[in-house]
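Can you read through this structure? Questions will come right after.
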Amino acid sequence: MASATLSAVAGAFLSPLRDISLDKLIGYLWDYLSSSPTSSDEAENQQQLEDSLEALEEAKMNVKLMQSRIMRLFEKHKQNERVVGLHNKLKDVDYEIQDLESDMKYMELQKKVEEINKAAEADTTGQSSRGLKRLFGFYRPTAQSSEKKRRLSSSPQSLNLSPDADVVKKISSIINQINIIEARMKDEIKLEEWFEKIKLNGVYDPWEQHHLTQNKRVTTSSTNERKLYGRYCEIELLIEFLKEPNVNGKISVVPIVGMGGIGKTTLAQFIFSNTDIENHFDKKVWICVSEHFDRLRITKEMVDSLLIDNTSSLSVLCGATNNNLDLLERELKRQLTAKKFLLVLDDVWSDEWQQFIILLQSTQVEAVKIIVTCRDPKVLGSLDGGNRIVLKGLSDEDYWLFFVNCAFGNKNPDNYPQTLHDLGRLIVMKLKGSPLAAKTVGRLLGRSLTKKHWKDVLESDMWKLETDAYDIMPALALSYYHLPQHLQLCFTFCSVFPKDYVYDMDNLISMWIAHGYIHECRSSSKTVEDIGEGYCHELIAMCFFEGYSRSFKMHDLMHDLAQSVAHGEICIYEGGKGKKISSNVRHLCAQSLIDLGLMCKSNNLRTLVLYRVGDMCAFLNHGAFKRIRVLIVFDTNIQEFPDAIAHLKHLQYLDLKKTNIRSIPESLCDLYQLRVLKLPRLYTLPSLFHNLINLRECRLFQDTDETYNQERLVYHVQRVRGYVIAQLRNMNELRGALSIEGLENIDSRKEAMKGKLKEKCHIKDLDISWTDIGHDCKHDVQEEVLEGLQPHHNLEQLRIKGYAGFKPPSWLMTLALRRIELNKCKNWKNLPVGLGLLPSLQELNLIDIESITIEFDDSVTEMFPSLRWLQLRKATLSFEGLLSSSSSTSSSLTSTPGPRKLFPRLQHLIVEECNGVNGPWPLLSALETLKINACPGLQCHVPKCLQSLNSLTSLEIKGLKIETTDTVVQQQQVCLLPKLRAIEIECCQNMAVLLRVPSVENLSISKCSPVSLSALGHLSFLTYISLQEMEVTMEDQVTPKFPSLHTLELKKASLIFQNMSSSSSSSLSVATQNHCCFPRLTTLRILECHEVNGLQWPMFSVLTELCIRNSLGLDDQLPGCLNGLSSLSRLELTGAKIKTFPEDVMATLHPLWWLQLEDCPELISLEGLQALPSLKRLFITKCPKFKSWCMEGMIENKFLLPNLLGISIDSCENLESLPDWLSRLPVLKQLSIIQCPKFHSMPEGGLPSSLERLNIIGCDPGLMERCQREGSSEWQMIQHIPKQNYI
């Protein structure tokens, strides 16, 4: 286990402990006392409770003092086991405090549910609720408690106690433990004072035998590395930055950020010593800042470094005044006058270093460049601009070379057996690209270059025990040490999941909340979820996590560190004989079936993650799990969930989505503290589902569309028990998005109001819909139901679908909506004026509405002031009241409606399948993107309606016949679009008028009349052209020039190059002329083009990427047409009738690194492959005749294909074996042979030692059996490969 192997590092840290506070518990108890009815029978318990509460008040300050004193004592003597014991005792007390807080909250929520349900029942039966008792904060059992709840009680030992007596007992236990810890703490402090006196009297140091050697890490500008591996891009960026002039001011900063041991210092050292940098700067200084920022020390070191050649000045400053900061700073300014200065601040841990920027700005220096290396980007503050360099692990190739150098040192690796290299590859896989890890383990391996020693290192992880300050684990532990306490807790908890687990940010935050790791600030408007997201971003920024956006991983070394500093509180149980589970475990992940007998001593578990369960009921009934806050089950064999779930009254996070349950028990509804619930698709919900009043997130995952339902709770109303709208009534803590479907199953406004949507203040996105089968529902009933579904005024997004009512709900204008969608609301005829006055409305979607009118008010000068997005699909739209005149209410498209502002900020307009859109086009001056698709009502208005859209950048027109009444005028109208950059045209007639925009850069045309490339030559800014399903021509008489074009895609097109000169006498001039057509064309894709006539390949001489797919018109030109494409780096051929690749053709393709051949029915061999020195990836797929490599030259020349990393051969029916030269490929890492049934043998020369992954799938069964049979010749040939897959 990591906790055992890393004990030397972990011993320097206490397990993380939250800031212990009794305030919340005391608050709960005072409320409990004030709300509890007094009686003569309970008077004694009440008095005991008051006495206990007073004692708890007295202990409040002591707890905080004890926590800080323990930390101070531990910092002095990290090996003091008594102090560690006190810390662990205090942590146990904290767990008890949390449990009692949870008990009190559970009682409060239980009572609240009962009172709400009583009120609802009284309302349903028409009874008055005025006679109900006032709502007490806590539950007190009564004779009416159900037998089932007594049977499921999670505290059987307290059945004979009243609630007061039980609470008093728990408080007494907490106070007694606090008093014991306080007494021991006083003894420890006295002992510490006594030891200090002994030490001061010079007798001896009582702790001397426990002191660890303090080997503090110090860096200099000199490096012990003979060579820097990789980092080529970073070096280039750094040198460029350091040599370029400063843009803003005379000081520029470049940060180098990354996790501990990733190589920040080494990179800075190589840059500092670079000859070009040496010559560029007048003065250079290297400062190791380290953990504790000392301005005086750093300033003195800077001055000393600048005066190293000036002994007279140096002697003055090194005298008695060497601690005079003012003198030092004045000398620093003098030395830097009119100089170019490079300063490296290595290993920075705080933002205090920025004091030197202020100092340097006050000097007369010519220019200053500062390199800052750090782990935490926060130390950069506002100075972290676009220059930041974030270091990740080295590439596989560079890392292997670096590892070999670390392990073998000055010795020649080739002089050692291959088995040593194979073991080295396996070790490298575990280091995950960390340079410092390679140095640590390399130094250990170098002690004995023997198979036995290397195998011991591989199997034991003994390298992690290295505790020198320059080793990897102490380096990572230093990052952990600098984390605040709450982040230590969050980071450590994450190691409950296995290595390589992908963490979802939202799920992880919810688990942290369940454990109380997130500190909620009452004075801030941020929610706990917002604060938790900040925690995640901090940990990612400091490289504790690897990833972006909403998901990430933890580096294996970080995972080891987290488990070690947890000191046994986190356990990943993998099964196996003799495996035990410590009684100290708080967070358990069981990857195999767990024996509950191992849990007999564990009674304080907080997290349980189960990959295999067995008897779920036995788990839930076991006492070890009664306190868990987080339960996750990944076992798909679970089909039923037992009633015993009610035992887990502390549970806040329950994830069952990976199970196959189809219903949940009623008893789950007793989990009043449940905040997050994730379930698979269920047949029904329990009738008491509404009791989960603390539920903030509920996800019902569907089999067909899991992604959609991850974002929202989809609730389908039915006329059956368990799915009525009233199930939602108490769930007012729900967050995010809610969809309510099947509203045809609600018959009245009163019934709809039982869902109490108006009280759900955290729902931001609401989707309500009637299904198609509900259209028989009367429109007046639907209007009443919609009125009863009034949401909270905080709602931001609303979607109404299938509504058959004639009018909008009265509450629509009372909301601060940002987005509205009306879908299939067939009878909704008018959008009221008030909708256009909503100040926050940014998006409006009108879909499948036969005819709708947007109403305007003459007295309003600005309508839809914030609208950015308007979508119209299958809708006939008109505007009423827009014009001040008394003419027709349907205004013309180009009429100017006076001084009013309509859609002043509209940027995106989509009009699809609309019969008519009558509106104020001239007012859409802010419009940036316009899509018109199959709108016959608009074809007479294009391009006239475009002429005023001066901000338009993207235009998409499909299925439109453009009328050509006055071509000259239309061209002038289109040319008045100065910002238009992208045009997409599909299925349009008379499109030529749209191709007169000189500023266009991206052009896509499909399913239109023939187009001539020559006719596009005037579009000199074009960078991308896509022509699909049409005829494309090019005439020799008019040679177009595309000076900016880099990508040309032709799909299902007929290519006709007419009268193109081809005589040999003029070939040179033709090549030159054609090259001028496409001087920058780097990517050419010809897809499914069956007719290609007269294509001249010399015009594509600068191509770097060529893709030809199923284009019969090019079969007679391949592979000869490739000859001379000397810049080509990527080639993909699909469906080509080629037999082989001649060496004379391949010899011209030196830069080619990617070769992909698919569905080539005639391909037999690759005889010219050896002529590709840059090739890295080779793919051969569905080539049934391919069986020969025909590359005898490979045997003679060991340097051919020196860069080939991966070979994949798939569905090649006649492939039987691999060539013998395969073993000579120096860097091959991946080999896949898939669905090749005749493939039956490995190459005689074996497989290369560099191979890391081997996939043999769907090949000869005998071969696959031999590969897996230990001792066979094939097994011996491949045993060094870490990852193997056979199916």
Side-chain angles (χ1 to χ4, degrees), residues 102 105-106 109-110 112-113 504-515 528-529 532 606-610 613 616 619-620 625 628-636 638-703 706-716 722-723 726-740 755 760 762-763 765:
S102 181
K105 184 176 182 180
Y106 183 88
L109 292 172
Q110 186 176 25
K112 186 176 181 180
V113 168
D504 175 85
M505 183 180 293
D506 295 323
N507 292 341
L508 190 58
I509 291 170
S510 295
M511 294 182 222
W512 288 345
I513 293 172
H515 289 300
V528 282
E529 289 82 5
R606 261 40 189 186
T607 303
L608 182 59
V609 182
L610 298 173
V613 179
M616 193 71 222
F619 269 91
L620 299 181
F625 307 123
I628 61 173
R629 270 70 171 169
V630 175
L631 174 60
I632 303 172
V633 182
F634 290 125
D635 193 344
T636 55
I638 298 295
Q639 297 181 351
E640 294 183 3
F641 214 70
D643 284 334
I645 185 68
H647 289 314
L648 311 183
K649 67 177 183 179
H650 300 290
L651 196 64
Q652 296 189 37
Y653 184 102
L654 177 59
D655 185 350
L656 304 175
K657 68 177 181 289
K658 294 298 184 182
T659 66
N660 275 318
I661 63 172
R662 287 296 176 256
S663 65
I664 52 177
E666 289 283 349
S667 60
L668 183 137
C669 303
D670 292 340
L671 303 179
Y672 306 121
Q673 299 196 74
L674 198 62
R675 295 168 57 95
V676 176
L677 177 61
K678 298 175 183 290
L679 299 169
R681 183 172 61 89
L682 301 179
Y683 295 141
T684 183
L685 290 172
S687 61
L688 297 176
F689 195 63
H690 56 82
N691 284 354
L692 300 176
I693 62 173
N694 205 43
L695 201 63
R696 300 165 75 98
E697 178 184 344
C698 182
R699 299 287 181 261
L700 302 179
F701 289 82
Q702 306 296 317
D703 296 336
E706 181 172 306
T707 302
Y708 173 77
N709 290 287
Q710 279 184 343
E711 300 172 357
R712 60 180 61 236
L713 167 60
V714 180
Y715 188 83
H716 193 93
Y723 278 98
Q727 283 279 46
L728 299 175
R729 65 178 182 268
N730 298 342
M731 305 168 83
N732 295 332
E733 293 298 320
L734 283 174
R735 257 75 173 160
L738 172 64
S739 293
I740 305 177
K760 294 170 177 38
H762 304 294
I763 294 294
D765 183 348

- request: Would you sort out whether Met616 and Asp635 count as a side-chain contact (heavy atoms from CB on, under 4.5 Å), showing the intermediate values?
  value: CA-CA 10 Å; Met616 193 71 222; Asp635 193 344; over 6 Å; no
query: If you measure from OG1 on Thr659 to CD on Gln639, what distance do you get to the nearest 0.5 Å?
result: 9.5 Å
- request: Search all heavy atoms of Trp512 against all heavy atoms of Gly532 and return the closest pair with its distance.
  value: CZ3-O, 3.8 Å
Candidate pair Arg729 and His690, rule side chain to side chain donor-acceptor pair (under 3.5 Å), full reasoning: CA-CA 6 Å; Arg729 65 178 182 268; His690 56 82; 3.0 Å; yes
task: For the pair Leu651 and Ile645, evaluate side-chain contact (heavy atoms from CB on, under 4.5 Å) and give the outcome as yes or no after the intermediate values.
output: CA-CA 9 Å; Leu651 196 64; Ile645 185 68; 4.3 Å; yes
- request: Could you check if a side-chain atom of Arg681 sits within less than 4.5 angstrom of a side-chain atom of Arg662, using non-hydrogen atoms only?
  value: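 In short, these two side chains touch, coming nearer than 4.5 Å.
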message: Between Phe641 and Leu620, is there a side-chain heavy-atom distance shorter than 4.5 Å?
response: yes
Under the side-chain hydrogen bond (donor to acceptor under 3.5 Å, both in side chains) test, residues paired with Gln673 that sit two or more places apart: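 In terms of side-chain hydrogen bond (donor to acceptor under 3.5 Å, both in side chains), with neighbours along the sequence ignored, Gln673 is linked to Ser102.
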query: Hey, does Tyr672 have a side-chain heavy atom less than 4.5 Å from the side chain of Lys112?
result: no
task: Go through Arg696 and Val528 one step at a time and tell me if the side-chain contact (heavy atoms from CB on, under 4.5 Å) criterion holds.
output: CA-CA 12 Å; Arg696 300 165 75 98; Val528 282; 4.0 Å; yes
query: Are the side chains of Leu654 and Leu668 in touch, meaning some heavy atoms are under 4.5 Å apart?
result: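 When only atoms from C-beta onward are counted, Leu668 and Leu654 do touch, with a gap below 4.5 Å.
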message: With a 3.5 Å distance limit and no angle check, can you tell me whether Lys678 reaches the backbone of Ile632 through a side-chain donor-acceptor pair?
response: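 No: the side chain of Lys678 does not pair with the backbone of Ile632.
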query: Are the side chain of Asp765 and the backbone N or O of Gly736 linked by a donor-acceptor pair below 3.5 Å?
result: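 Between the backbone of Gly736 and the side chain of Asp765 there is no qualifying donor-acceptor contact (under 3.5 Å).
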task: Please round to the nearest 0.5 Å and tell me the distance separating atom CG of Asn691 and atom CG of Leu671.
output: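 Taking CG in Asn691 and CG in Leu671, the distance rounds to 10.5 Å.
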- request: With rounding to the nearest 0.5 Å, note down the distance linking CG in Leu695 to CG in Leu728.
  value: 10.5 Å
message: Side chains of Tyr653 and Thr607, heavy atoms from C-beta outward: is any pair under 4.5 Å?
response: no
message: Taking Pro686's backbone N and O only, do any of them form a donor-acceptor pair with Gln727's side chain (distance below 3.5 Å, no angle check)?
response: yes
- prompt: Roughly how far, to the nearest 0.5 Å, is the NZ atom of Lys105 from the CD atom of Gln652?
  reply: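 Atom-to-atom, Gln652:CD and Lys105:NZ are 6.0 Å apart.
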task: Would you give the length of the straight line joining atom CD of Glu733 to atom CD1 of Ile763, rounded to the nearest 0.5 angstrom?
output: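 Interatomic distance, Glu733 CD to Ile763 CD1, rounded to 0.5 Å: 10.5 Å.
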message: For a quick test of reading the model, state the closest non-hydrogen atom pair linking Asn732 to Lys760 and the distance between them.
response: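 Distance-wise, the nearest heavy atoms are OD1-NZ, 3.1 Å.
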query: Atom CD1 in Ile740, atom CG in Leu713: separation rounded to 0.5 Å?
result: 8.5 Å
query: Heavy-atom distance under 4.5 Å between the side chains of Asp655 and Val630, does that happen here?
result: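 Counting from C-beta outward, Asp655 and Val630 never come under 4.5 Å.
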Test log, rule side-chain contact (heavy atoms from CB on, under 4.5 Å), inputs Ile628 and Arg606: CA-CA 4 Å; Ile628 61 173; Arg606 261 40 189 186; 5.8 Å; no
task: Mind checking side-chain hydrogen bond (donor to acceptor under 3.5 Å, both in side chains) for Arg675 and listing every partner two or more places apart, or none if nothing turns up?
output: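 With sequence neighbours excluded, Arg675 shows a side-chain hydrogen bond (donor to acceptor under 3.5 Å, both in side chains) to no residue whatsoever.
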query: Mind checking what makes ring-ring contact (aromatic ring centres under 6.0 Å, His included) contact with Phe625, not counting sequence neighbours?
result: Phe619, His622
query: Side-chain contact, heavy-atom cut-off 4.5 Å: Leu685 with Tyr715?
result: yes
query: Can any side-chain N or O of Glu666 pair as donor or acceptor with the backbone N or O of Ser687 at less than 3.5 Å?
result: yes
